[in-house]
K.L.:
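Just passing along the structure, written as structure tokens.
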Amino acid sequence: MAKGLPKRSEDFSGWYNELVNKADLAEHSDVRGCMVIKPYGFAIWENMKSVLDAKFKQTGHQNAYFPLFIPKSYLSKEAAHVEGFAKECAVVTHYRLKTGEDGKSVVVDPEAKLEEELIVRPTSETIIWNSYKKWIQSYRDLPLMINQWANVVRWEMRTRLFLRTAEFLWQEGHTAHATEQEAVQEAEKMLEVYADFTEQYMAMPVVKGWKTESERFAGANETYCIEALMQDGKALQAGTSHFLGQNFAKAFDVKFSDANGKQEYVWATSWGVSTRLMGALILTHSDDLGLVLPPKLAPIHVAIVPIYKGEEQLNNIRKVAVKLQNELAQHNIIVKFDDDQQRKPGWKFAEYEMKGVPVRVAIGPRDMENGTAEVARRDTLQKESYPQEGLADKIKALLDEIQENLLNKAKTFQTENTTKVDNWEDFKNVLENKGGFILAHWDGTAETENKIKEETKATIRCIPYDSIEEEGKCIYTGKPSKRRVLFAKAY
RNA sequence: CGGGAUGUGGCCCAGUCCGGUCAAGGCGCCUGGUUUGGGACCAGGAGAUCGCAGGUUCGAAUCCUGCCAUCCCGACCA
């Protein structure tokens, strides 16, 4: 049994916090709302990052880097944009410290006040578009497709490790196009990239859709999003892609000459996913014993635990383990052979379960006599003995099976926890007693959306791509509606 | 920012009401030995300005004031 990990059924958020801590993923820093991502957690993020980075490059994007600081005046050039972010900006006002009057402390030097305050980027549209103005003159400069891996700061009032931190790591793509159609296609394409990543790598199914007007990104004409359902029945926005129209082009005066020499404003997109995906990964698969990782993102795929009496037995087991390790290495399967002498096998079993290592192999004297090994899978906790001969192939297949099983399990969960609802009573009932996604009709007004939010805390997560046209009545006002939208309580 | 709770070696925490050899215990860590098929055992050892800053007092982990942080519930959250 796990030591000290609260049960999900009793204290879900306590479980989450302890898991992040005990699986060695991250911890709180001394700075409010900011986290230290520890090596094991960062290794998972690096795996996510490298897969995404490759996908961005395959779809024609290049990486670049823009400054952390944004002049205050830039932020206010796009009205809706500044409105959306103003309340959560960190501001740099001075550039120097000096020794305080007591001779020990340091104080801000009042002489060193900046002429114009700098904003620590909450997102980089403004500073990037300021550069794009210089980079784009002709239709030959388009499309301009750039991605940046960076940290951003949003001064949130209440934070949770990975799910909402004041500083977080992310990537932000920023593209410029000659035509509206091309920009819309780009925004849609990148959402597909995200959805493909979450399903194929994170084993996390998502609902793709459009945000309602009131949930849109500040400065966007359209926000596309992927929404995932967590184990506790709450929704998590896992990624967004925005069609920005000509809003930033106009704000930063970015025009190009088309083939006929006519001046036009360029069309824009931006899109991003963040370390919040780490939270999504944890909340989707993990259990009361600890983290459960999909093999495609796990830093360690296989942990080998030797069980032995004395050096001689250990050395014999080591030979088998190293051979297996080498065979698996040829398939890029990362193996940890844990021959730590201080820890007993039971401790190691629990440890690798806590850390979500997909496959554990135990080899002891009994196995050495029989030429077998005990293989345990993290997802189902099943244990089975296999011959050492051909074990590498067995494990390789098992890892694929685990990846697939995790996705299927999550899909089943999502399906079972997506409820169609046709009236207000049922809506409140399902929300209260079952949770999850709710598909219901809505009259399309921000007013109704807001009232539902106030009364139930549920928000419209998105208007799903795949919701079919049908005649219906808004569950709140009874007014006619053409399609169902996706409601849920959200993180 | 409002309501509630908490803050004591790396971690979990006793002690705070009623000020005076109280800084206790468990986990972890270090050394040595015995162990190893589901979180081992014995012996020895190191480690604490009791969240921070003031104040009251002969004396403060304990009382008072302010601040900071964390957790839960709200507000907020492309």
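Sequence lines set the chain letters: A, B, ... in the order given, protein chains first and strands last, and positions in each chain run from 1.
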K.L.:
Heavy atoms under 4.0 Å, any strand shown: does A:R32 hit a base, just sugar-phosphate, or nothing?
P.N.:
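Counting heavy atoms under 4.0 Å across all strands, the contact made by A:R32 is with sugar-phosphate only.
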K.L.:
Calculate the interatomic distance between A:Q341 atom CD and B:G32 atom C1'; express it in whole Å.
P.N.:
15 Å
K.L.:
Give a yes/no on whether any side-chain N or O of A:S13 is located under 4.0 angstrom from OP1 or OP2 of B:C71.
P.N.:
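Checking B:C71 against A:S13, no side-chain N or O comes under 4.0 Å of OP1 or OP2.
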K.L.:
Quick one, A:Y74 and A:I119 - any side-chain contact, counting heavy atoms below 4.5 Å?
P.N.:
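No. Closest side-chain heavy atoms not under 4.5 Å.
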K.L.:
Please determine, for B:G2, whether a Watson-Crick or G-U wobble partner exists with both distances under 3.5 Å, and give it or none.
P.N.:
B:C73
K.L.:
Go nucleotide by nucleotide along RNA chain B from the 5' end; which of A:L161 and A:P365 gets its closest nucleotide reached first?
P.N.:
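Its nucleotide being nearer the 5' end, the pick is A:P365.
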K.L.:
Please work out if A:W271 contacts a base, only the sugar-phosphate, or nothing of the nucleic acid, heavy-atom cut-off 4.0 Å.
P.N.:
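It contacts nothing in the nucleic acid.
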K.L.:
Hey, are A:K22 and A:E18 close enough for a salt bridge, meaning a charged N less than 4.0 Å from a carboxylate O?
P.N.:
yes
K.L.:
Check the distance between B:G37's C1' and A:Y308's OH and give it to me in whole angstrom.
P.N.:
13 Å
K.L.:
Write down the distance separating the C1' atoms in B:C63 and B:C58, rounded off to the nearest Å.
P.N.:
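Taking atom C1' in both B:C63 and B:C58, they lie 16 Å apart.
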K.L.:
Hey, which sits more toward the 5' end of RNA chain B by its nearest nucleotide, A:K348 or A:V31?
P.N.:
A:K348
K.L.:
Is a donor-acceptor pair below 3.5 Å formed from side chain A:K344 to base B:G37, judging by atom type as modelled?
P.N.:
no
K.L.:
Heavy atoms under 4.0 Å, any strand shown: does A:G33 hit a base, just sugar-phosphate, or nothing?
P.N.:
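Sugar-phosphate: the residue A:G33, judged by heavy atoms under 4.0 Å, touches backbone atoms but no base.
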K.L.:
Have a look at A:Q237 and say if it touches a base, only the backbone sugar-phosphate, or nothing, with a 4.0 Å heavy-atom cut-off.
P.N.:
base
K.L.:
B:U70, OP1 or OP2 - any side-chain N/O from A:N17 closer than 4.0 Å?
P.N.:
no
K.L.:
Given atom NZ of A:K87 and atom C1' of B:A75, what is their separation to the nearest angstrom?
P.N.:
11 Å
K.L.:
CD of A:E18 versus P of B:U70: gap in Å, rounded?
P.N.:
16 Å
K.L.:
Pick base, sugar-phosphate or nothing for A:K383, based on heavy-atom distances below 4.0 Å to the nucleic acid.
P.N.:
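Result for A:K383 = base.
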K.L.:
Between A:R318 and A:D339, does any NZ, NE, NH1 or NH2 come within less than 4.0 Å of an OD or OE carboxylate oxygen?
P.N.:
yes
K.L.:
When you check every protein heavy atom under 4.0 Å of nucleotides 6-13 of chain B, what one-letter string (B, S, -) results, 5' to 3'?
P.N.:
--------
K.L.:
Mind checking if A:G84 touches a base, just sugar-phosphate, or nothing, with heavy atoms under 4.0 Å?
P.N.:
nothing
K.L.:
Looking at A:V320, is its backbone amide N or carbonyl O close enough to the side chain of A:Q388 to form a donor-acceptor pair, meaning the two atoms are under 3.5 Å apart?
P.N.:
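Not confirmed, A:Q388 side chain does not pair with A:V320 backbone.
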K.L.:
Output the single nucleotide from B:G38, B:C77, B:U36 whose closest atom is nearest the side chain of A:F349.
P.N.:
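Given the options B:G38, B:C77, B:U36, the side chain of A:F349 is closest to B:G38.
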K.L.:
Say you pick atom C1' in B:G2 and the same atom in B:A75; how far apart are they, in whole Å?
P.N.:
8 Å
K.L.:
For B:G38, which nucleotide is its Watson-Crick or G-U wobble mate, given both distances must be under 3.5 Å?
P.N.:
none
K.L.:
With the threshold set at 4.0 Å, does a side-chain nitrogen-carboxylate oxygen contact exist between A:K211 and A:E227?
P.N.:
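Salt bridge present between A:K211 and A:E227.
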K.L.:
By nearest atom, which of the nucleotides B:C77, B:C72, B:G74 is closest to the A:R160 side chain?
P.N.:
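Per side-chain heavy atoms of A:R160, the pick is B:C72.
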K.L.:
Would you measure the distance from the P atom in B:A14 across to the matching atom in B:G59 and give it in whole Å?
P.N.:
29 Å
K.L.:
Under 4.0 angstrom, heavy atoms only, what part of the nucleic acid is A:R360 near: base, sugar-phosphate, or nothing?
P.N.:
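Base contact - A:R360 has a heavy atom under 4.0 Å of at least one base atom.
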K.L.:
Just name whichever nucleotide pairs with B:U31, Watson-Crick or G-U, keeping both distances under 3.5 Å, else none.
P.N.:
B:A43
K.L.:
Rounded to the nearest angstrom, tell me the gap between atom NZ in A:K453 and atom P in B:G74.
P.N.:
13 Å
K.L.:
What integer distance in Å separates A:E311:CD from B:U34:C1'?
P.N.:
15 Å
K.L.:
Rounding to an integer number of angstrom, what distance separates B:U70 and B:A24 when you compare their P atoms?
P.N.:
30 Å
K.L.:
In the structure shown, which nucleotide is the Watson-Crick or G-U wobble counterpart of B:C22, with both distances under 3.5 Å?
P.N.:
none
K.L.:
In plain terms, say whether A:K55 and A:D196 are close enough for a salt bridge, that is, a side-chain N and a carboxylate O under 4.0 Å apart.
P.N.:
yes
K.L.:
Establish, with yes or no, whether the OP1 or OP2 oxygen of B:C73 is under 4.0 angstrom from a side-chain nitrogen or oxygen of A:R158.
P.N.:
yes
K.L.:
On the 0 to 90° scale, with breaks at 30° and 60°, tag the A:W170-A:F168 ring pair as parallel, tilted or perpendicular.
P.N.:
perpendicular
K.L.:
Between A:R378 and A:L291 (side chain of the first, backbone of the second, donor and acceptor by atom type, cut-off under 3.5 Å), is there such a pair?
P.N.:
yes
K.L.:
Please measure how far the P atom in B:C13 lies from the corresponding atom in B:U6, and state the result in whole Å.
P.N.:
12 Å
K.L.:
Should the heavy atoms of other residues, nucleotides or ligands under 6.0 Å from CD of A:Q185 be counted, would the total exceed 12?
P.N.:
yes
K.L.:
Cation-pi between A:R360 and A:F349: NZ/CZ under 6.0 Å from ring centre and within 45° of the ring axis?
P.N.:
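Verdict for A:F349: a cation-pi partner in A:R360.
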K.L.:
Rounded off to whole Å, could you give me the CE-to-C1' distance for the A:M157 and B:U70 pair?
P.N.:
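Roughly 18 Å, once rounded to whole Å.
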K.L.:
Using a heavy-atom cut-off of under 4.0 Å over every strand shown, decide if A:F243 touches base, sugar-phosphate, or nothing.
P.N.:
nothing
K.L.:
Within this structure, what is the CD-to-P distance between A:E156 and B:C71, rounded to whole angstrom?
P.N.:
14 Å
K.L.:
Identify whether any heavy atom of A:H28 sits under 4.0 Å from a base atom; if not, whether one sits that close to sugar-phosphate; answer base, sugar-phosphate or nothing.
P.N.:
sugar-phosphate
K.L.:
What is the base-pairing partner of B:A14, counting Watson-Crick and G-U wobble geometry with both distances under 3.5 Å?
P.N.:
none
K.L.:
With rounding to the closest Å, how many angstrom separate the P atoms on B:U56 and B:C64?
P.N.:
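Nearest-Å result for B:U56 against B:C64 at atom P: 15 Å.
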K.L.:
Does A:D338 pair with A:K336 as a salt bridge, N-O distance under 4.0 Å?
P.N.:
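A:K336 and A:D338: not salt-bridged.
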K.L.:
Work out how far the C1' atom of B:A53 is from that of B:G47, and round it to whole angstrom.
P.N.:
26 Å
K.L.:
Assess whether one donor atom and one acceptor atom, taken from the side chain of A:E353 and the base of B:G38, lie less than 3.5 Å apart.
P.N.:
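By the distance-only test, yes, there is a pair.
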K.L.:
Within the 4.0 Å heavy-atom criterion, would you say A:Y491 contacts the bases, only the backbone, or no part of the nucleic acid?
P.N.:
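Counting heavy atoms under 4.0 Å across all strands, no contact is made by A:Y491.
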K.L.:
Look through every strand shown and name the nucleotide pairing with B:C63 as Watson-Crick or G-U wobble, where both distances are under 3.5 Å.
P.N.:
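Looking at the geometry, B:C63 pairs with B:G55.
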K.L.:
Nearest to the A:W347 side chain among B:C29, B:G39, B:G74, which nucleotide is it?
P.N.:
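The answer is B:G39.
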K.L.:
Give a yes/no on whether any side-chain N or O of A:K309 is located under 4.0 angstrom from OP1 or OP2 of B:G37.
P.N.:
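So the side chain of A:K309 is outside the cut-off, no N or O lying under 4.0 Å from OP1 or OP2 of B:G37.
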K.L.:
Between B:G15 and B:G37, how far apart are the C1' atoms? Round to whole Å, please.
P.N.:
43 Å
